[in-house]
Amino acid sequence: MDIFERLKRGEAIHMVNVPEYHAIAHKEMDRCRKLCFQINHTIPENTEIHQIEKELFAEGLSDKSYFTPPFQVDYANQVTIGEGVFVNHDLTMMSAGGVVLEDGVMIGPHATILTVNHDLNELQIIKCKPVVIKKGAWIGANVTILPGVTIGEGAVIGSASVGTKDVEPHNVMG
């Protein structure tokens, strides 16, 4: 099982002492940093941005889904993006544990999606849980979604909310 599967399962991984994490995960993080930098420093009207975004998400970004720069994604190879997804500017996505954005998801500006947490007794140990945002959900501006949370189909998360637990389909939180 590769390091990303271990992270998605919630296995505690020492960021320094696990060679596979350092070799594989850091390589992906470096790739993403470079591509995000390139995207974030390209003139907004340039059609090249969407092609670089497709490269970032390993061709997993359709022509009908859009991320508005600037944004930062650390492990884009762990993100699954449906059709018709729209993400506004200033997204921060820590995605080592896996993120799923299903069809029609809309995310407002300054949102943060976190799949990673640190062990309270040993900060070099990380524990991950995936975040899933179901079809047609709407995430408002300045929302933070914590590891392990699933946002149900058609749910709305109000601006400046912190998603600490699952939200049922078609419910409004915040």
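Counting begins at 1 with the first residue of the sequence.
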In this structure, NZ of Lys27 is separated from CD1 of Ile3 (nearest 0.5 Å) by 15.0 Å
Whether Phe67 and Phe57 hold their rings parallel, tilted or perpendicular, with breakpoints at 30° and 60°
tilted
Rounded to the nearest 0.5 Å, how far apart are OG1 of Thr150 and NZ of Lys129?
11.0 Å
Hey, does the side chain of Thr115 reach the backbone of Ala96 with a donor-acceptor pair shorter than 3.5 angstrom?
yes
In sequence, state the C-alpha distance, the side-chain angles, and the governing distance for Ser95 and Gln78, and then conclude on side-chain hydrogen bond (donor to acceptor under 3.5 Å, both in side chains).
CA-CA 6 Å; Ser95 53; Gln78 299 306 302; over 6 Å; no
Matching residue for Ile107 among Ile157, Asn88, Thr68, Leu101 - test: side-chain contact (heavy atoms from CB on, under 4.5 Å):
Leu101
Validation row: His89, His110 side chains within 4.5 angstrom (heavy atoms)
yes
Heavy-atom pair with the smallest gap, counting every atom of Leu56 and Cys36:
CD2-SG, 4.0 Å
Are Met15 and His118 packed together at the side-chain level, in the sense that at least one heavy-atom pair is separated by less than 4.5 angstrom?
yes
Answer yes if Val116 and Val149 sit in the same cluster of Ile, Leu, Val, Met, Phe, Trp and Tyr residues linked by side chain heavy atoms under 4.5 Å apart, and no otherwise.
no
Do you know which two heavy atoms are closest between Ala76 and Cys32, and how far apart they sit?
N-SG, 3.3 Å
Kindly say whether Glu83 contributes a backbone atom to a donor-acceptor pair with the side chain of Asp103 at under 3.5 angstrom?
yes
For Glu168, I'd like to know if atom CD has over 12 heavy atoms of other residues, nucleotides or ligands within 6.0 Å.
no
Heavy-atom donor-acceptor pair, Asp119 side chain to Gln124 backbone, under 3.5 Å:
no
Check this for me: His22, atom NE2, are more than 12 non-hydrogen atoms of other residues, nucleotides or ligands nearer than 6.0 Å?
no
I need the minimum non-hydrogen distance between Asn40 and Phe71, along with the two atoms involved.
ND2-O, 2.8 Å
Heavy-atom count check: over 12 atoms from other residues, nucleotides or ligands less than 6.0 Å from Lys54 NZ?
yes
If you measure from CG on Leu123 to NE2 on His14, what distance do you get to the nearest 0.5 Å?
10.0 Å
Quick check: closest heavy atoms across Asp166 and Gly148, and the distance to 0.1 Å?
OD1-O, 3.6 Å
Intermediate values then yes/no, side chain to side chain contact (heavy atoms under 4.5 Å, CB included), Asp2 and Ile24:
CA-CA 9 Å; Asp2 80 7; Ile24 296 170; 5.6 Å; no
Is the centre of the His50 ring less than 6.0 Å from the centre of the Tyr66 ring?
yes
Is the shortest heavy-atom distance from the side chain of Val131 to the side chain of Leu114 under 4.5 Å?
no
Within-4.5 Å side-chain heavy-atom neighbours: Glu53 and Ser65
no
Please tell me whether Val73 and Phe4 are part of a single hydrophobic cluster in this structure, the criterion being side-chain heavy atoms less than 4.5 Å apart.
no
Determine whether more than 12 heavy atoms belonging to other residues, nucleotides or ligands lie under 6.0 Å from atom NZ of Lys8.
yes
Would Trp138 end up clustered with Val132 when hydrophobic side chains under 4.5 Å apart are linked, directly or stepwise?
no
Point-to-point distance, once rounded to the nearest 0.5 Å, from CG of Leu146 to CD1 of Ile113
11.0 Å
Can you find a heavy atom in the side chain of Gln72 that is under 4.5 Å from one in the side chain of Arg33?
yes
Does some side-chain heavy atom of Val87 sit less than 4.5 Å from a side-chain heavy atom of Ile81?
no
Is any side-chain heavy atom of Val100 closer than 4.5 Å to a side-chain heavy atom of Glu102?
yes
Closest contact, heavy atoms only, Lys135 versus Glu153:
O-CG, 3.1 Å
Close side-chain approach of Val99 and Tyr75, heavy atoms under 4.5 Å
no
Exactly one of Ile151, Val172, Ile133 clears side-chain contact (heavy atoms from CB on, under 4.5 Å) with Val167, and that residue is Ile151
Ile126 with Met29, same ILVMFWY side-chain cluster at under 4.5 Å:
yes
Might you point out which heavy atoms bring Gly152 and Ala137 nearest each other, and give the distance in Å?
O-CB, 3.8 Å
Could you measure the distance from the CG atom of Leu7 to the CD atom of Glu20? Nearest 0.5 Å is fine.
9.0 Å
Evaluation steps, side chain to side chain contact (heavy atoms under 4.5 Å, CB included), between Glu48 and Ile52:
CA-CA 6 Å; Glu48 179 184 331; Ile52 304 168; 3.4 Å; yes
Would you say Met94 ends up clustered with Ile145 if hydrophobic residues are merged whenever their side chains have heavy atoms under 4.5 Å apart, either directly or through other cluster members?
no
